[in-house]
Amino acid sequence: MSKLNPRQQEAVNYISGPLLVLAGAGSGKTSVITRKIAYLIQQCGISARHIVAVTFTNKAAREMKERVTALLRGAEGHGLTVSTFHNLGLNIIRREHSLLGYKPGFSIFDDSDVKSLLTDIMQKEYAGDDGADEIKNLISQWKNDLILPDEALAQARGTKEQTAAIVYSHYQRTLKAYNAVDFDDLILQPVKLFQNHPDVLDKWRNRIRYMLVDEYQDTNASQYLLVKLLVKERAQFTVVGDDDQSIYAWRGARPENLMQLKEDFPSLKVIMLEQNYRSTGRILKCANTLISNNPHEFVKELWSDMGFGDEIRVIRCRNEDAEAERIALEILTEHLRSQRPYSDFAILYRGNYQAKIMELKLQVHKIPYRLSGGTSFFGRQEVKDLMSYFRLLVNPDDDNAFLRVINVPRREIGSTTLEKLSTYATERQVSLYEASAEIGLSEHLGPRYTERLSRFKHYMDKLRQRCFSDDPILALKDMIIDIDYENWIRQNSSSEKACEFRMGNVWFLIDALKNTLERDEAGDMTIEEAIAKLVLRDMLERQEEDEDGAEGVQMMTLHASKGLEFPSVYIMGMEEEILPHRSSIETDTIEEERRLAYVGITRARRNLTFTFASKRKQYGETIECTPSRFLDELPSEDLQWEGLEEAPVEVKAARGNSALADIRAMLKK
DNA sequence: CCTCCATATATTTTT
DNA sequence: TATATGGAGG
């Protein structure tokens, strides 16, 4: 454990009021938070069970918990809560579900569930499904801003918003009927609960006496309100954030919450952490210069004592192919020459689509790599199928899950049968599952079909019983064999190898569930909870990580790189329309793109390289590219340009300041 | 119910 | 240009 610097120490020791820590990139904010938790417990006599630390990702929460545990002895940390916002919300809803009108075992709808439900609603009610994505975003925005369906309808402007508001109210009713919540509800519902039931809020306030919030600049309106409600009056909290690393505004994050804090808590103390323990001086100089182009409320200037370091390179390439080739070759030679492991290198890009060529080039040169992001594990068919089975088991009202699994594998229940079942269920005001075995159904359907439906229901009923009385994991394993899921997968796979892989995912999921149940310290985790955790991606990433010891070049989007660090960083596609993304140029919101570039730069410990292509194939046609304006904003004396061979002789001679202008002039021709 | 061809469509995504 | 989705037809 390293010593804290005076500012960090101050942040740890200040407990007499609300505190905002503006922690620059690499300034050791996690140390501050973890040390502070230990301090609160060991020096201030606050019991761990009264402390709550919130993060945005499971990974951050896990890491934090591990580091705190290392600082504590024995049972000191018992009852400490370190969780994500969503997990905290989930726990609140679970404890108070009846007040909110949910039954135990409620489902959590992920993005794809939400989308399919919305398309369904729109098709049924409004004949047409154009812009389901847009409507989904609008609804999500409303929820993040704590706007309920009625209010949304009242304030909707234009036909699109009005339709969205109507769909919203319909959607919310349907979710309730399905006994389900979506991700946004995990925050919104607790806030509503606290607003409407002061007694319940008091109970939670008494439970949470000190609160710490990480990545505060990423909180949205409802998350902030949740924090505010919980800490009120007592105002015992520490929030840590960095306005310069706010890159999720498009997702509802409100970096202005940092300012808001000052107004809501006049006694707020602000501490800035500017010493960086990660990068060379030159990299930080670059980062500082770039970000100074953004308007600022608080001005930070990162510095470090890690030496000035190498020049920052900017490499111009003929096209996107040459760009990827160049990066691959550089990493290869650097790895061979200096014996540095591949995991020292990271390749960052703006959009996932850029990863493809890069991946190809790395493969050609047999360079191992790890790609994060892209199609998620949860997007896979077999995972969705299985998750739907799990969900239906703990929540029979989940029609979405029912529809997904009813014909997986084939049970000869076609669309006509389901339509009739659905009409009947709506009429009777019960779930599809419930309706499947009701006597009255036979008036609408022939015996053959009612038989098939009721057989399914009875099978699931029996399974549910086993899950709750017996060993649930064993029951689920048996289920997979019972329904001959492997055969179903085989039929739907292109090759035997693909089938094996997919069955691997199935057993992996079961394993994750098993571990979740076993690793629970309190030992009282139910399958409902375990399944909910699975939907929240919790307990899954953990296994993924320790599976493949992380050897290989790291490839990820700039967004995904936040919070990480690498000795050598390559940022590719430094071009107008890519790094300041086209739409952000159009909507005049390049500040966030600049922060994105800033995040990328500050990931690098020692070496930083930018690349860009002068020509690029896009949607079938070749287009000329202009180097990113952000390159212009960097201190030119610290940049070393390469790849200007094709440039006119005089340009070749004139490096530095005028180089970029010359390339521009040349590209114009 | 499944397969194939035409057509549209092209950011970032912690949960 | 590549990929995903949906409709038509077997």
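We name chains A, B, ... by the order of the sequence lines, and we start the count at 1 in each one. These numbers come from the heavy atoms of this one structure, side chains and all, not from hydrogens, waters or symmetry mates. All figures in this text were calculated on a predicted structure; none of them were measured in a lab.
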> Taking atom C1' of C:dA2 as reference, at what distance in whole Å does atom CD of A:E320 sit?
Replying inline: 13 Å

>> Hydrogens and angles aside, do A:Y369 and A:Q363 bring a side-chain donor and acceptor to less than 3.5 Å of each other?
In response: yes

>> Give me the distance, rounded to whole Å, that separates B:dT11 from C:dA2 when you measure between the P atoms they each carry.
In response: 16 Å

> Hey, does the side chain of A:N58 come within less than 4.0 Å of B:dT15's phosphate (OP1/OP2), counting only N and O?
Replying inline: yes

> Given atom NE2 of A:H581 and atom C1' of B:dT13, what is their separation to the nearest angstrom?
Replying inline: 14 Å

>> Does atom CZ (A:R411) have a neighbourhood of more than 12 heavy atoms from anything else shown, all under 6.0 Å?
In response: yes

> Base, sugar-phosphate, or nothing: which does A:D110 touch, judged by heavy atoms less than 4.0 Å apart?
Replying inline: nothing

>> Tell me if C:dT5 is syn or anti. Syn = glycosidic torsion within 90° of 0, anti otherwise.
In response: anti

> Taking atom P of B:dT13 as reference, at what distance in whole Å does atom NZ of A:K136 sit?
Replying inline: 13 Å

>> By a 5.5 angstrom centroid cut-off and a 30 degree plane limit, is there stacking between A:H559 and B:dT14?
In response: no

>> For B:dT13 and A:T557 - does any side-chain N or O of the residue sit under 4.0 Å from the phosphate oxygens OP1/OP2?
In response: yes

>> Checking the side chain of A:Y570 only, and the main-chain atoms of A:A346 only, is there a donor and an acceptor separated by less than 3.5 Å?
In response: no

>> What's the closest nucleotide to the side chain of A:N352 if the choices are B:dT14, B:dT12, B:dT11?
In response: B:dT12

>> Main chain of A:R629, side chain of A:E576: is a donor-acceptor contact present, judged purely on distance under 3.5 Å?
In response: yes

> Between the base of B:dT13 and the side chain of A:R251, is there a donor-acceptor distance below 3.5 Å?
Replying inline: yes

>> From CZ of A:R411 over to P of B:dC1, roughly how many Å is that when rounded to an integer?
In response: 13 Å

> Should the ring pair A:H559 and A:Y248 be called parallel, tilted or perpendicular, given that the plane angle runs from 0 to 90° and is split at 30 and 60?
Replying inline: tilted

>> Rounded to whole Å, how long is the line connecting atom CZ of A:R350 with atom P of B:dT11?
In response: 10 Å

> Checking all strands, does A:E593 fall into the base, sugar-phosphate, or nothing category for heavy-atom contacts under 4.0 angstrom?
Replying inline: base

>> Ring-plane angle category for A:W204 and A:F194, please: parallel below 30°, perpendicular beyond 60°, tilted otherwise.
In response: tilted

> Would you say a side-chain N or O of A:K356 is under 4.0 Å from OP1 or OP2 of C:dT3?
Replying inline: yes

> Does the ring of A:W250 lie flat against the base of B:dT12, closer than 5.5 Å centre to centre with planes under 30°?
Replying inline: yes

> In whole angstrom, what separates A:I571's CD1 from B:dT12's C1'?
Replying inline: 15 Å

> Mind checking who C:dA8 pairs with, Watson-Crick or G-U wobble, both distances under 3.5 Å?
Replying inline: B:dT3

> Can you check the A:M556 CE to B:dT11 C1' distance for me, whole Å?
Replying inline: 18 Å

> Of A:Y619 and A:I413, whose closest DNA chain B nucleotide lies nearer the 5' terminus?
Replying inline: A:I413

>> Does A:Y248 reach a base, just sugar-phosphate, or nothing at all? Heavy atoms under 4.0 Å.
In response: base

>> In whole Å, I'd like the distance from the NZ atom of A:K562 to the P atom of B:dT13.
In response: 12 Å

> Between A:N220 and B:dT15, does any side-chain N or O lie under 4.0 Å from OP1 or OP2?
Replying inline: no

